[in-house]
Amino acid sequence: MRHLYVHVPFCQRRCSYCDFSIAVRKRIPAREYVDAVLQELKLLGTTDPGRKPGETEEVGLETLYLGGGTPSLLPAEAITMLLHELALRFRIPHSAFRTDVEVTLEANPEDVTLEHATAWRHAGINRVSLGAQSFDDRVLKWMHRSHDASRIGDAVQTLRAAGFDNISLDLIFALPSELERDWARDLDLAGDLLPAHLSLYGLTVEERTPLARWISRGATSAADDERYAEEYLLAHGRLADRGYHFYEVSNAARDGRRSRHNSAYWSGRAYLGLGPAAHSFDGRVRRWNRSAWESYRRALSAGLPAVEAEEVLTEEQRELESLYLALRTDAGVPLAALGRPSPPCAALWVERGWAEVREERLACTPEGWLRLDALIRDLTGVGRES
Ligand code: SF4
C-alpha cells in the first residue's frame, strides 16, 4: 500500500449540503482520535501494512492524505504526533514527508494561522487543500461555512509565508439560482490567488441534509442541468485562459501539480484508509470502516477491527470501474481496451464533440465529461433500462 488516506471526522458544524460521515464537536478529542487510528493500524496485523512477511527492503509511502471532516481542526501537536508515528510504522524517514511523499492536509480557511501553518509544515505536510467554496459572503453563510470570503486570500498568503507552494482550492458550482451567485467572479478571484490546483464540485442534493429539507418545503430549488453545464463549461474556458489543465472531470492543475494521491485512486491503485468511514482497496477487495466516530473508537478500544464490511469485486465490476475511472481522466482509455473494431458509439461521441482520440486513446472532452454516465451506459450497456 503506497497510498494512505486518514479520515478525520470532526467538524464544528454541518454545512447545508453535506452528508459526509462527520462528528460535530466543539472540543476535538484529538488524543483519543490519534490513539484510535494508531490502534487500527496496529490491529491490521503488522507494523507495516505494505510489507510482506520476510520482506526487508524499505516499503515507502508515495502519498498520504488527511481528509475529512476538517483535519485542520486537529491541534498541530496531534497532527505532528500522527505523522511522526506513521513515518515510524511505515519505516520511512520522517524527512521523506518533506521531499518524496505528497502529504496533503484538508483545511478550512479559518484554521490557517501562521502558527498552525508553520507547525503543519514542520510536521511534514507539503500540500494543503483549502475548502474555499465561494468568495461571496452571502453564499458562504447559506452554505453554513464558518469562514468569510476575506479569510480565503489571507489563508493562501499565510500558507505561502509558511513555505507552502502546493495549495489547492475547492469551489462549489451550480448553486440554487435565487442566490444569484456570480460564478465567473468566483473563478476569477480563485485564479487571482494563483493556487497550484483547483477542485470544482457541482452541488448535489443529498438526503437528510438541510439543503434537501429546504428543497422539500419549496424554499429553494436545485440548479437545472442547463445551468450546471453552463457553469461547468465556463470554468473550463476561464481556467484554461489562466494556464490550468483539467486532468480529471473535477480537477484542474497548473504546472503539472496534479494530486498524486487522487490520481492513484483514478488509476485503480491500491490504497489503505484509516479512521472512521475510511475505505481501503487492494485491487480486488474494497473494505470500509465503521462510519460513526463513537462506534469506531469503541470498537478499537475493545480490540475489535474497525472494518464494518467488505465487497469482493468481480472481474466484470473491476473492468467497469477501471473504464469509468479512466474516462474521468484526461488520459482516457486505450482504444484497444474497447475491442476491435471500436464500438460504433465511440465514433459517434467523437463526431458530436464528446470525445477525442489521442495517441490511440479515447478521452472525454468537457462536453463528454458532462455526459459521462450516459457514455458509459452506451459503451457497456450497464445501467441501461431494458
Ligand atoms: S466542513 Fe466539509 S465535512 Fe465538515 S460539514 Fe462542511 S462540507 Fe461537511
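Both counts, for ligands and for their atoms, begin at 1 and track the order of listing.
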**OP:** State yes or no: are the ring centers of Trp214 and His144 separated by less than 6.0 Å?
**Re:** yes
Original post:
Are Tyr5 and Tyr265 near enough that their ring centres are under 6.0 Å apart?
Top reply: no
Original post:
In the hydrophobic cluster built from side-chain contacts under 4.5 Å, what are the other members alongside Val312?
Top reply: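 Via sub-4.5 Å side-chain contacts, Val312 links to Val285.
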**OP:** For atom 6 (Fe) of ligand 1, state how many protein N, O or S atoms fall inside a distance shorter than 2.8 Å.
**Re:** 1
Original post:
To the nearest 0.5 Å, how far apart are CG in Leu159 and CZ in Arg127?
Top reply: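 If we round to the nearest 0.5 Å, Leu159:CG and Arg127:CZ are 12.5 Å apart.
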Subject >> CD on Gln133 to CZ on Phe173, rounded to 0.5 Å >> reply: 12.5 Å
Subject >> Stepwise ring pair (Phe, Tyr, Trp, His ring centres under 6.0 Å) test for Tyr271 and His3 >> reply: CA-CA 5 Å; Tyr271 54 86; His3 304 282; 8.4 Å; no
**OP:** Give the residue, atom name and distance (to 0.1 Å) of the protein heavy atom nearest atom 3 (S) of ligand 1.
**Re:** Gly69 N, 3.3 Å
